[in-house]
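These notes are about the structure you will find just below.
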Amino acid sequence: MTNDIYGPFPGSTEFVAALTEGQRARYEELGTNLDVVERRIADACAAAGRARDEVTLVVVTKTYPAEDTALLAGLGVTDVAENRDQDAAPKAEQCRNLPLDWHFVGQLQTNKVRSVVRYANHVHSVDRLRLVGSLSAAVLKAERPELGCLVQVALDKAYGEGEHRAGVAPEDVAQLADAIADTPGLRLDGVMTVAPLTGPLAGDPARAFDRLAEIATAVRADHPAATMVSAGMSGDLEQAIAAGATHVRVGTAVLGVRSPLR
Ligand SMILES: *Cc1c(COP(=O)(O)O)cnc(C)c1O
């Protein structure tokens with residue numbers, strides 16, 4: 001017998017009652033982990049003098065099955081993120097009736113763009129001009145609402161360095177932000193970063209996220225509606241919230257340690 005956890009009423013008593021024993025155990029585990037993360041976010045907001053509703057939790061479900069995504073929806077999670085279209089597209093399809101907002105946070109190849117715009121409402125990882133044209137063409141062709149785009153900033157990248165690392169150098173953010181804002185089908189939502197592993201800001205997420213906040217402020221001077229600041233993961237969400245992050249992307253702390261094989 002199959003139970004439908006992909007139905008339209010997650011969180012209802014019926015939802016919990018319909019779970020198999022295994023699903024119930026995972027549901028409880030995810031719920032406990034979410035409680036811990038929620039407490040961390042609330043404490044970080046309080047410490048920063050910020051309202052809790054200024055920060056959105058985006059749960060990064062990469063490498064975990066669609067069933068976990070459905071259980072998370074049942075637990076009240078509204079925003080999920082994936083980093084590989086190959087995994088995300090079938091999961092999003094399976095979860096299409098759930099009230100979830102899908103974020104794409106991985107490096108995006110242009111040949112995956114058409115697929116990604118079918119399910120994602122936000123792409124956090126816009127890192128080159130060429131992607132802007134591809135995303136726009138795909139959005140217009142899909143006749144879907146505007147796609148929210150964030151410029152991914154590589155805080156450890158020097159000006160003019162090659163195009164292959166994730167993100168643009170801080171000096172190149174304004175140009176990419178302007179291009180997104182000027183392109184049909186795309187909406188400039190803000191900036192995103194991952195705390196750098198190399199360079200002067202490595203090992204100092206607080207300073208890295210302060211630097212991102214400066215960049216975000218500069219972007220907002222030209223684009224006042226670009227208010228999203230996507231920063232902070234399982235290990236450094238407190239520093240990100242202290243620096244003004246509006247979206248934290250949390251995987252491990254909710255779902256557990258990912259298999260190193262993936
Ligand atoms: C995997 C991933 C995360 C989540 O990282 P955790 O340390 O598991 O919380 C956040 N952002 C991006 C871009 C990721 O790829």
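In each ligand, atom 1 is the first atom listed, and ligand 1 is the first ligand listed. As a basis for the values below, the full set of heavy atoms in this structure was taken, side chains included, without hydrogen atoms, waters or symmetry mates. Values in this document were obtained by computation on a predicted structure and should not be read as measured data.
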Salt bridge (Lys or Arg N to Asp or Glu O under 4.0 Å) partners of residues 187-197, not counting sequence neighbours, each pair once: R187-D189
Residue pairs involving residues 15-29 (criterion salt bridge (Lys or Arg N to Asp or Glu O under 4.0 Å); sequence neighbours excluded): R24-E28, R26-E29, R26-D68
Heavy-atom check, side chain of L71 versus side chain of V77, under 4.5 Å: no
Measure from every N or O atom of ligand 1 to the protein's N or O atoms and keep only the pairs below 3.5 Å, writing each with atom names and distance to 0.1 Å.
| unit_1 | atom_1 | unit_2 | atom_2 | d |
| --- | --- | --- | --- | --- |
| ligand 1 | 8 (O) | T252 | N | 2.8 |
| ligand 1 | 8 (O) | T252 | OG1 | 2.5 |
| ligand 1 | 8 (O) | R258 | NH1 | 2.8 |
| ligand 1 | 8 (O) | R258 | NH2 | 3.1 |
| ligand 1 | 9 (O) | S234 | N | 3.0 |
| ligand 1 | 9 (O) | S234 | OG | 2.5 |
| ligand 1 | 9 (O) | G251 | N | 2.8 |
| ligand 1 | 11 (N) | R249 | NE | 2.9 |
| ligand 1 | 15 (O) | K62 | NZ | 2.6 |

Side chain to side chain contact (heavy atoms under 4.5 Å, CB included) involving D101 - partner list, sequence neighbours excluded: D79, H103, N121, H122
Among L237, V37, D236, the one residue meeting side chain to side chain contact (heavy atoms under 4.5 Å, CB included) with V248: L237
Full working for side chain to side chain contact (heavy atoms under 4.5 Å, CB included) between H247 and V229: CA-CA 6 Å; H247 290 70; V229 180; over 6 Å; no
